[in-house]
Undergrad: 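Have a look at this one.
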There are 2 protein chains.
Amino acid sequence: MHESGNGGRRSETLGDEVFGHILDLIYNCELEPGMVVNESALAGRFGVSRGPIREAIRRLQGIQLVSREPFMRARVVSLSKQAIAELFQMREALEGYACRLAATQMPAADIDGLIADLEAARGGLLPSGERFDFHERVVRASGNSRIIDTLCGDLYHLLRIYRRISGAVPERHELAFTEHWQISRAIKARDATLAESLMRSHVERAGRHVLEQVPEAPAAGADGEEKKAS
Amino acid sequence: MHESGNGGRRSETLGDEVFGHILDLIYNCELEPGMVVNESALAGRFGVSRGPIREAIRRLQGIQLVSREPFMRARVVSLSKQAIAELFQMREALEGYACRLAATQMPAADIDGLIADLEAARGGLLPSGERFDFHERVVRASGNSRIIDTLCGDLYHLLRIYRRISGAVPERHELAFTEHWQISRAIKARDATLAESLMRSHVERAGRHVLEQVPEAPAAGADGEEKKAS
DNA sequence: AGCCTTATAATTGTCAACACTTTTGGGGAT
DNA sequence: ATCCCCAAAAGTGTTGACAATTATAAGGCT
């Protein structure tokens with residue numbers, strides 16, 4: 001995690017630290033979508049001035065995790081169904097292409113390692129603490145650092161908020177494994193077009209699944225959601 | 001342009017204004033790639049405090065237009081050849097997908113309008129002042145606001161720096177027109193797969209062309225480039 | 001009662017000063 | 001002469017106060 005424990009001896013900026021803290025708050029749902037992000041309140045809470053808080057919030061606004069409008073109070077974004085759909089479309093485009101690149105460039109040894117880890121993670125566990133993220137592995141294998149940063153950075157944060165919704169559906173895990181396995185085979189066969197196509201289908205399916213789970217009224221903050229951040 | 005003229009009566013934040021100003025400085029090559037972006041100097045130059053300058057710089061860092069490292073001085077990014085290649089790859093993925101979406105969703109009337117403008121822009125001129133940007137038109141027709149923002153925002157700024165290099169090669173214009181026209185026909189025929197494929201090829205070709213024009217030593221600032229900003 | 005106007009409070013934007021880090025330049029030892 | 005160490009300078013990070021703006025609540029009018 002983002003070093004919530006404020007050890008405070010590293011050469012990291014306060015703004016960077018606060019950025020991670022607020023990110024954690026959002027992940028923990030202490031800052032739910034739609035809630036206002038109050039600079040002074042957070043400053044008091046973290047025991048720092050408003051300056052670093054502002055920088056952190058601006059960074060969050062940069063990756064579209066909180067809204068931005070000059071003198072209006074910032075709010076954690078509350079994605080509408082359409083926004084989620086668009087998010088998955090973008091992921092489909094980028095992750096599909098990354099998968100294509102991986103199919104042509106990934107070293108054979110890495111492919112075998114990926115498949116091995118995939119099957120190991122299926123049975124039950126990997127070496128303790130290690131969490132297996134198939135998508136991240138594939139994306140990083142693309143070798144395109146700009147695509148990697150976009151997918152594993154900006155988009156990942158946004159998706160993570162809505163991941164919890166569809167997280168605990170066991171039947172989906174088996175399907176996901178099958179699809180991951182097929183993608184791996186396509187990569188191993190160096191069939192770039194098939195690999196991209198499979199990854200697109202897989203992401204599109206995951207997106208549809210998330211959209212089914214997501215509740216009705218998504219954005220537009222005119223309802224009772226008027227809570228403030230402590 | 002970003003209201004360089006500092007009229008200063010709008011309800012825009014100083015940080016927003018400075019952001020546009022610095023962007024213009026980068027476009028005008030007053031801040032060339034590799035040069036340091038000095039907060040105090042810019043603050044004095046624009047007649048504001050360092051606060052708004054910091055915000056603007058942080059925003060530029062967010063879209064990767066200037067480097068970022070805690071206490072190190074910020075520098076305008078100087079893209080290596082590989083970074084440019086990665087940029088075009090990402091554009092290939094995103095713009096190809098946007099083209100696919102446009103092929104299925106774009107209203108027929110808009111398609112005809114696009115083709116008309118394309119042919120009008122070829123002959124010589126459009127209504128005065130109107131500049132025709134085929135790619136932007138297609139991207140916006142995708143209807144996916146996240147992809148639109150990424151392509152027309154972040155990536156556009158980066159590409160613009162290196163656009164000047166390959167801008168004035170007349171023979172390329174005719175080829176570009178042909179490719180644009182083919183893409184338009186595919187969209188009109190509602191052939192999403194073909195439209196995406198053509199757009200990918202087109203972007204890939206453009207990328208190769210830019211890479212040919214770009215000089216040898218790109219990044220890594222160990223050479224004489226040690227200029228400072230005013 | 002309901003709605004518009006007005007005063008108050010809460011919040012964000014801006015500034016100038018201070019603290020910390022890196023860079024730069026000079027002096028002494030090997 | 002080269003290298004290392006140290007002090008001064010430049011630059012970034014942080015802070016608290018002040019200004020500008022928006023949200024909130026009270027009061028008067030229809």
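Just so it is clear: chains get the letters A, B, ... in the order the sequence lines come, proteins before strands, and each one is counted from 1.
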Undergrad: Salt bridge (Lys or Arg N to Asp or Glu O under 4.0 Å) with Glu196(B): which residues, sequence neighbours excluded?
TA: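 With neighbours one apart ignored, the set is Arg200(A), Arg100(B), Arg200(B).
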
Undergrad: Measure the shortest side-chain to side-chain distance between Phe46(A) and Ile22(A) over non-hydrogen atoms and say whether it is less than 4.5 angstrom.
TA: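 SC-SC contact between Phe46(A) and Ile22(A) confirmed.
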
Undergrad: Which atom pairs link the protein and nucleotides 13-15 of chain D when you take only N or O atoms and keep those under 3.5 Å?
TA:
unit_1, atom_1, unit_2, atom_2, d
dG13(D), OP1, Arg58(B), NH2, 3.3
dG13(D), OP1, Pro70(B), O, 2.3
dG13(D), OP2, Arg54(B), NH1, 2.8
dG13(D), OP2, Arg54(B), NH2, 3.1
dG13(D), OP2, Arg58(B), NH2, 2.9
dG13(D), N7, Arg50(B), NH2, 2.7
dG13(D), O6, Arg50(B), NH1, 3.1
dT14(D), OP1, Leu14(A), N, 2.4
dT15(D), OP2, Ser49(A), N, 2.9

Undergrad: Over how many whole Å does the gap from Arg45(A) atom CZ to dT11(C) atom P extend?
TA: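 About 16 Å, once rounded to whole Å.
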
Undergrad: What integer distance in Å separates Arg75(B):CZ from dG11(D):P?
TA: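 Roughly 12 Å, once rounded to whole Å.
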
Undergrad: Going through the distances and angles, do Arg140(B) and Asp110(B) end up as a salt bridge (charged side-chain N to carboxylate O under 4.0 Å, His left out)?
TA: CA-CA 11 Å; Arg140(B) 294 200 181 280; Asp110(B) 291 2; over 6 Å; no

Undergrad: Between CG of Leu65(B) and CZ of Arg160(B), what distance do you get to the nearest 0.5 Å?
TA: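 The distance works out to 11.0 Å.
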
Undergrad: Expressed as a whole number of angstroms, how long is the span from Leu42(A):CG to dT11(C):C1'?
TA: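 Atom-to-atom, Leu42(A) to dT11(C), this comes out as 13 Å.
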
Undergrad: Got a second to check how far Arg50(B)'s CZ is from Glu39(B)'s CD, nearest 0.5 Å?
TA: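 The CD atom of Glu39(B) is 4.5 Å from CZ of Arg50(B), to the nearest 0.5 Å.
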
Undergrad: Provide the full list of salt bridge (Lys or Arg N to Asp or Glu O under 4.0 Å) pairs with a residue in residues 202-211 of chain A, sequence neighbours left out, each pair given once.
TA: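 Counting only pairs at least two positions apart or across chains, the salt bridge (Lys or Arg N to Asp or Glu O under 4.0 Å) contacts touching residues 202-211 of chain A are Glu179(A)-Arg205(A), Glu204(A)-Arg208(A).
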
Undergrad: Between P on dG13(C) and CD on Glu17(B), what's the gap in Å once rounded to a whole number?
TA: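 Spelled out: CD on Glu17(B) to P on dG13(C) is 14 Å.
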
